[in-house]
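Let me give you the structure first, and then I'll get to my questions.
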Amino acid sequence: ALSSTRARLTMINADGENVDLYIPRKCSWTNRLITAKDKASVQLNVGHLDANGVYDGRYTTVALAGYVRSKGESDSAIDLLWQKKKAAINQA
């Protein structure tokens, strides 16, 4: 009974797929929720490169809230987030 209640609350179907109609995003820099009304927010896909500098089909998604962009911190936020991710995936 508990598992069926939990499945109803999280909106997961029988195949284990998430079927929620709206999944709010979180800012990668501040961990704030990005609401539907935040029209200044952006989401970027940063491509991964192989040793030759060619895109290999993988990417990392970075979401920034409008608050970060309005403060003028988005450039440094993207740079520092990518530096951490780059070290984690062993990209030069």
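What you see is a predicted model; the values in this text were computed from it and never measured.
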From Asp38 CG over to Arg32 CZ, what is the distance, rounded to the nearest 0.5 angstrom?
10.0 Å
Applying side chain to side chain contact (heavy atoms under 4.5 Å, CB included) to Leu64 and Ser41, what does each step give before you reach the verdict?
CA-CA 6 Å; Leu64 293 175; Ser41 64; over 6 Å; no
Given 3.5 Å as the limit, does a donor-acceptor pair link the side chain of Arg69 with the main chain of Ala40, or not?
yes
NZ of Lys26 to CG of Leu33: how many Å apart, nearest 0.5 Å?
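Between Lys26 NZ and Leu33 CG, I get 6.5 Å after rounding to 0.5 Å.
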Can you find a heavy atom in the side chain of Thr30 that is under 4.5 Å from one in the side chain of Val68?
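Touching, per the 4.5 Å side-chain cut-off.
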Should Ile89 and Leu81 be regarded as members of a common hydrophobic cluster, given that ILVMFWY residues are connected when their side-chain heavy atoms come within less than 4.5 Å of each other, either directly or indirectly?
yes
Roughly how far, to the nearest 0.5 Å, is OH of Tyr67 from OG of Ser74?
13.0 Å
Do Val42 and Ile34 belong to the same hydrophobic cluster, where Ile, Leu, Val, Met, Phe, Trp and Tyr are linked whenever their side-chain heavy atoms lie under 4.5 Å apart, directly or via other members?
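Cluster IDs for Val42 and Ile34 differ.
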Student check: side-chain heavy atoms of Ile12 and Glu17 closer than 4.5 Å:
no
Answer with yes or no whether the hydrophobic clustering places Ile78 together with Leu80; edges join I, L, V, M, F, W, Y residues whose side-chain heavy atoms lie under 4.5 Å apart.
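Looking at the clustering, Leu80 is in the same group as Ile78.
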Within 6.0 angstrom of Asp75 CG, more than 12 heavy atoms from elsewhere:
no
Working to the nearest 0.5 angstrom, can you tell me the gap between Asp56 CG and Asp50 CG?
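If I round to the nearest 0.5 Å, the distance is 6.0 Å.
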Between Gln43 and Val62, is any pair of side-chain heavy atoms under 4.5 Å apart?
no
Kindly work out whether a path of hydrophobic side-chain contacts (I/L/V/M/F/W/Y, heavy atoms less than 4.5 Å apart) joins Leu49 to Tyr59.
yes
With a 4.5 Å limit on heavy-atom distance, are the side chains of His48 and Thr60 in contact?
yes
